[in-house]
Amino acid sequence: MNTSLNTVPIPAGWPATEEQARAVQDELRGRVVLDEPGPPPGTGRVTGVDVAYDDERDVVVAAAVVLDAATLAVVAEATAVGQVSFPYVPGLLAFREIPTVLAVLDALPCPPGLVVCDGYGLAHPRRFGLASHLGVLTGLSTIGVAKNPFTFSYEEPGARRGSASPLLAGEPTGPEEVGRALRTQDGVKPVFVSVGHRVSLDNACAHTLALTPKYRLPETTRSADSLCRRALKETTPSGASPVD
DNA sequence: GCGACAG
DNA sequence: ATCTTGTCGC
């Protein structure tokens, strides 16, 4: 029995144009909750989500990996296969990933706790990146940890692990801290942390440090990335069963 | 108008 | 994101 032939469809009413997608962001942005500190680092569970694409076949595979926040041991995993629901447009990344990411979170056997996304939350042209979007749709605490500064500016943090500097957005409201460039390992390029939903920036950075005892990227991201790549390879055009 | 631009 | 071999280093 192959139960993974089901692919997550593009939801009815999903934005079809960039203009519609931006309108959705403008409408949902007001629902982001910014006055909660979020779960304390090192307690409960932390879940990484990531996706891999095969644009040729219009396929997106999402993976979620739940870790014990104290030990970073894997507690649960899930994958989901979907249809690519939007082209890649800077600033509209969420519309490409969210349907399948929602499905993979649904497929988890336990609550995810804090969700760590690849990409941004508030550090976004309209202050509503993937992590914030996912948080508003699920009500979960979310943060974004990105590998690149996107269009934002920052000064190089100190060389030691734990050093950080503000990630700054341009003039619309004057230089505004939308996230932080955070050094997670001595002497390596920083990562770019921003708040998604129901977490403070300080707490988001503390979580990121707790998740990077050895590598530049959080263990959540590393695990989810490797899982969705494996699952994509096992997802043949005829429909093989990924890890489930 | 042109270039840059999370993944 | 993805296309791709070997190679330098801990």
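Every chain is numbered from 1 and lettered A, B, ... according to where its sequence line falls, protein lines coming before strand lines. Both backbone and side-chain heavy atoms feed into the values below; hydrogens, waters and symmetry mates do not. All values reported here derive from a predicted model rather than from experimental measurement.
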(request) Apply the side chain to side chain donor-acceptor pair (under 3.5 Å) test between R22(A) and each candidate in E19(A), E18(A), Q25(A); give the one that qualifies. (result) E18(A)

(message) Would you say N148(A) places a side-chain N or O within less than 4.0 Å of OP1 or OP2 belonging to dG7(B)?
(response) yes

(message) Contact list please: residues 46-54 of chain A against DNA chain C, heavy atoms, distance less than 4.0 Å, in numerical order.
(response) A52(A), Y53(A)

(request) Could you check whether G91(A) gets within reach of a base, just the sugar-phosphate, or nothing at all, counting any heavy atom under 4.0 Å? (result) base

(message) Under 3.5 Å, is there a donor on one side chain and an acceptor on the other for S194(A) and R180(A)?
(response) no

(request) Just say parallel, tilted or perpendicular for the rings of Y120(A) and F152(A), cut-offs at 30° and 60°. (result) perpendicular

(message) How many whole angstroms separate atom CD of Q185(A) from atom P of dC10(C)?
(response) 16 Å

(request) Just call it for L92(A): base, sugar-phosphate, or nothing, with non-hydrogen atoms closer than 4.0 Å on any strand. (result) base

(request) Give the rounded distance in Å between these two atoms: NZ of K214(A) and P of dC10(C). (result) 13 Å

(request) Verify the contact: side-chain N or O of R229(A) to OP1 or OP2 of dA1(C), cut-off strictly under 4.0 Å; return yes or no. (result) yes

(message) For dG7(B) and K147(A) - does any side-chain N or O of the residue sit under 4.0 Å from the phosphate oxygens OP1/OP2?
(response) yes

(request) Quickly work out the E56(A) CD to dC3(C) P distance and round it to whole Å. (result) 10 Å

(request) Determine yes or no for a side-chain-to-main-chain donor-acceptor pair under 3.5 angstrom, with R216(A) supplying the side chain and T184(A) the backbone. (result) no

(message) Without decimals, in angstroms, what is the distance between F150(A) CZ and dG7(B) C1'?
(response) 10 Å

Show which side-chain atoms of residues 38-49 of chain A pair as donor or acceptor with protein atoms under 3.5 Å away, not counting sequence neighbours.
{"unit_1": "T43(A)", "atom_1": "OG1", "unit_2": "P40(A)", "atom_2": "O", "d": "2.7"}
{"unit_1": "T47(A)", "atom_1": "OG1", "unit_2": "P112(A)", "atom_2": "O", "d": "2.7"}

(message) Here's a test for you: under side-chain contact (heavy atoms from CB on, under 4.5 Å), which of L130(A), T138(A), L93(A), V51(A) qualifies with I98(A)?
(response) L130(A)

(request) Round to the nearest Å and state the distance from D225(A) atom CG to dT2(C) atom P. (result) 8 Å

(request) Could you state the atom-to-atom distance from CG of L232(A) to C1' of dG7(B) in whole Å? (result) 14 Å

(request) Report the nucleotide, chosen from dG7(B), dT2(C), dA6(B), that has the shortest atom-to-atom distance to any side-chain atom of L130(A). (result) dA6(B)

(request) Take the angle between the ring planes of F128(A) and H133(A) and call it parallel below 30°, perpendicular above 60°, tilted in between. (result) tilted

(request) Round to a whole Å and report the spacing from OH of Y88(A) to C1' of dC3(C). (result) 18 Å

(request) Would you kindly give the OH-to-P distance between Y120(A) and dC5(B), to the nearest whole Å? (result) 12 Å

